[in-house]
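Take a look at the structure below.
Computed over heavy atoms, backbone and side chain alike; hydrogens, waters and symmetry mates excluded. What you see is a predicted model, and the numbers here were worked out from it, not measured in a lab. Counting starts at 1 for both ligands and their atoms, following the listed order.
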Amino acid sequence: FDGKDAKLVLAHLLVAFTALLLGGVAGVLQGLVRGGMIELPSEIGYYQILTAHGVLMALIFTTFFIIGFLYAGVSKTMGGKLLGVVSRMGWAGYVLMTVGTILGTIMILANEATVLYTFYAPLKANPFFYIALVFVVVGSWISGYGIFTQYRYWRRTHKGSVSPLFGFMAVATMLVWQIATIGVAITVLFQFIPWSFGWVEKINIMISRTLFWYFGHPLVYFWLMPAYMCWYICIPKIIGGKIFSDSMARLSFVLFILFSIPVGFHHQLMEPGIAPVWKYIQVVLTFMVVIPSLMTAFAMFATFEQTGRAKGARGLFGWLKTLPWGDVRFFAPFMGMLVFIPAGAGGIINASNQMNAMVHNTLWVTGHFHLTVATTVALTFFGVAYWLIPHVLGKQLTPRMNRLGIIQTIIWLIGMFFMSGSMHTVGLFGSPRRTAYTTYGDHPDAVFWMPYHVAMAIGGTILFIGVILMFCNMIALMRAPKGDEKTAAEFPIGETADAAEPTPKWIERWGVWVGVLVVLILFAYTVPFGDMLVNPAPGSKPWVTW
Ligand code: HAS
């Protein structure tokens with residue numbers, strides 16, 4: 001692996017895992033407070049550490065890891081080395097994002113930005129928190145353009161060929177990101193910054209939330225798509241098999257481009273100010289975005305079964321025995337897949353209007369995203385780190401490290417079982433999503449919830465042990481013994497099983513996909529957004545009058 005590119009990848013992973021560690025400290029404290037097991041010193045607030053936890057884990061850990069991973073794969077599969085200009089863009093993006101991260105974290109620690117990771121108005125932060133967000137987003141845009149530039153270069157120098165699957169998927173992922181972040185950029189630049197500086201007196205809450213969720217839902221696919229890249233591309237190689245279908249893998253990513261953005265209203269189903277018909281339309285589109293995940297489940301089962309049968313497995317489930325259970329590179333992402341089955345089912349429950357009325361703003365939702373992003377995605381990223389770090393450094397994944405990785409995965413699963421399991425259960429009994437310890441004056445409902453909150457805190461403590469172990473594992477991976485051609489960790493890139501049937505070239509017509517996406521966005525948002533502009537909430541002035 002190219003030495004210069006290795007530095008760029010590792011720099012991203014270092015920030016990612018440091019954010020994981022700090023976010024983990026905030027997470028365990030917050031769980032213990034909520035369970036009534038500790039009290040924070042009076043200068044530190046529950047919502048303050050909840051903000052630190054959400055921002056560092058959900059926004060910083062993920063974004064830095066993803067960009068590091070994508071740069072590594074793009075360098076590996078599209079030229080063996082990043083172009084000079086791409087590398088410079090990668091570093092520029094990295095520096096901006098890191099400056100933004102430090103500034104934002106300082107603001108949160110100074111209790112100047114206790115606004116939670118969704119920074120919903122009318123919660124107001126110090127303007128520098130929003131400026132920090134601008135740094136992170138603009139940095140990620142530059143990094144994204146770096147990936148597009150390398151891809152364009154590869155296509156120019158390989159006229160007539162279909163691009164490598166990793167490159168294609170990296171471009172699709174960054175495309176979703178670039179288009180989604182336009183929403184958050186508009187609300188931060190035109191609403192939050194002027195309002196927090198006091199240049200304007202009021203903020204239109206419906207518009208800010210709508211723009212946030214225009215970004216917030218595709219954000220979750222920005223997390224998921226790189227995990228799927230590992231599942232589609234790396235897992236087949238690790239288990240000694242082949243990618244089930246290159247075209248199908250690409251098609252599922254195209255569907256993510258089309259359907260992951262115009263669905264934000266499913267986070268706003270319980271909000272007034274949006275006509276039911278538009279909520280209905282966006283829920284239909286939400287069910288469309290479930291399809292690529294179902295395709296992925298199908299492709300994974302097919303890969304496992306084909307590989308198992310090629311190794312002589314028999315019977316309906318004989319292939320299960322042939323999977324490399326002792327290999328953390330497989331074990332951690334596989335556990336992520338397994339958890340994604342109930343996690344995805346939970347998502348479908350959330351998206352259904354009547355059931356959303358039951359679970360919205362309860363701990364059920366917190367349980368849902370701890371299974372999706374904090375287990376499926378996080379375990380897959382951890383699984384990737386076990387080979388990516390030694391690979392870029394030319395080192396080995398030793399049997400000891402592999403064992404520690406398996407232990408880390410099991411700790412994570414146990415912790416999450418208690419934490420997310422209790423969240424889902426008590427959420428159904430109405431326990432609110434974000435509150436510090438309270439028994440609401442010993443109200444019987446709240447007293448009933450309390451044992452579940454204690455179980456959540458215990459699960460959170462086990463997870464915190466998992467975070468510490470993961471951080472130590474990462475340092476150990478960096479210090480692993482050097483490997484040679486045979487022993488150094490490889491970057492697992494699978495071959496496709498359907499090579500005889502070439503992938504159709506039209507799949508790379510990005511202009512068509514972006515065009516269809518723009519039409520879908522305009523269809524899903526124009527009328528309800530116009531409504532919000534002309535019909536403001538009581539007491540606010542309309543943005544537009546005619
Ligand atoms: Fe979600 C809220 C709907 C997926 C994350 N979601 C959230 C929030 C987060 C989040 C962070 O409709 C909270 C936001 C906040 O702060 O308020 N979600 C969905 C739906 C899906 C979904 C329909 N969510 C995700 C993913 C996330 C994520 C992925 C992160 C990575 N979500 C919602 C809704 C809300 C929501 C509402 C708002 C709730 C409210 O009221 O506030 C779908 O994409 C899910 C589709 C997934 C599947 C599963 C496919 C299974 C696969 C595994 C195969 C396994 C194998 C192994 C092969 C259909 C691919 C098998 C081996 C064996 C041996 C068996």
Side-chain angles (χ1 to χ4, degrees), residues 50-51 53-55 57-59 62 66 116-120 209 212-213 215-228 231-232 235-236 239 244 252 255-256 259-260 263-271 279 282-305 308 316-317 319-321 323 325 330 333-381 423 427 432-434:
L50 183 55
T51 309
H53 175 63
V55 169
M57 297 292 221
L59 303 180
T62 49
I66 290 167
L116 309 175
Y117 91 106
T118 41
F119 56 94
Y120 259 25
R209 290 185 180 190
F212 180 84
W213 287 119
F215 152 78
H217 197 74
L219 167 69
V220 316
Y221 296 111
F222 172 69
W223 300 331
L224 184 68
M225 288 161 82
Y228 278 7
W231 299 3
Y232 273 116
I235 292 292
I239 66 172
F244 171 66
S252 75
L255 293 178
F256 275 126
F259 295 112
S260 65
V263 295
F265 283 172
H266 71 225
H267 293 264
Q268 298 174 278
L269 290 176
M270 294 302 118
E271 278 185 29
K279 291 181 179 170
Q282 293 213 9
V283 163
V284 171
L285 292 169
T286 303
F287 280 86
M288 295 296 290
V289 81
V290 170
I291 293 172
S293 285
L294 294 176
M295 286 165 65
T296 306
F298 179 85
M300 288 301 115
F301 274 110
T303 305
F304 295 148
E305 184 173 351
L316 201 54
F317 294 110
W319 49 270
L320 269 171
K321 284 194 229 131
L323 294 171
W325 297 105
F330 163 75
F334 181 85
M335 286 301 151
M337 286 179 209
L338 206 59
V339 169
F340 200 41
I341 297 174
I348 293 171
I349 289 172
N350 297 344
S352 312
N353 187 63
Q354 292 85 337
M355 287 193 268
N356 186 270
M358 170 97 183
V359 298
H360 183 67
N361 254 342
T362 71
L363 271 171
W364 166 281
V365 175
T366 322
H368 164 68
F369 67 72
H370 278 89
L371 287 191
T372 48
V373 63
T375 308
T376 300
V377 171
L379 279 184
T380 303
F381 288 179
M423 286 172 167
R433 173 172 168 179
R434 291 153 157 167

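Applying the ring pair (Phe, Tyr, Trp, His ring centres under 6.0 Å) rule to pairs touching residues 341-378 yields W364-H424, sequence neighbours excluded.
Listed by chain and number, the residues in a ring pair (Phe, Tyr, Trp, His ring centres under 6.0 Å) with F244 are F298 (sequence neighbours excluded). Partners of I348 according to the side-chain contact (heavy atoms from CB on, under 4.5 Å) rule, which considers only residues two or more places apart in sequence or in another chain, are F287, V290.
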Let me see the working for Y228 and S252 under side chain to side chain donor-acceptor pair (under 3.5 Å), right down to the final yes or no.
CA-CA 10 Å; Y228 278 7; S252 75; over 6 Å; no
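L116 approaches T51 most closely through the heavy-atom pair N-OG1, 3.0 Å.
A side-chain contact (heavy atoms from CB on, under 4.5 Å) with M337 holds for exactly one of L379, T376, T380, I235; it is I235.
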Sub-3.5 Å pairs, protein N or O with ligand 1 N or O:
residue	atom	partner	partner atom	Å
ligand 1	6 (N)	H368	NE2	3.0
ligand 1	12 (O)	A351	N	3.1
ligand 1	16 (O)	Y117	OH	2.8
ligand 1	16 (O)	R433	NH2	2.6
ligand 1	17 (O)	R433	NH1	2.8
ligand 1	17 (O)	R433	NH2	3.4
ligand 1	18 (N)	H368	NE2	3.3
ligand 1	24 (N)	H368	NE2	3.1
ligand 1	32 (N)	H368	NE2	3.2
ligand 1	41 (O)	N356	ND2	2.7
ligand 1	41 (O)	H360	ND1	2.5
ligand 1	42 (O)	H360	ND1	3.1
ligand 1	44 (O)	Y221	OH	2.6

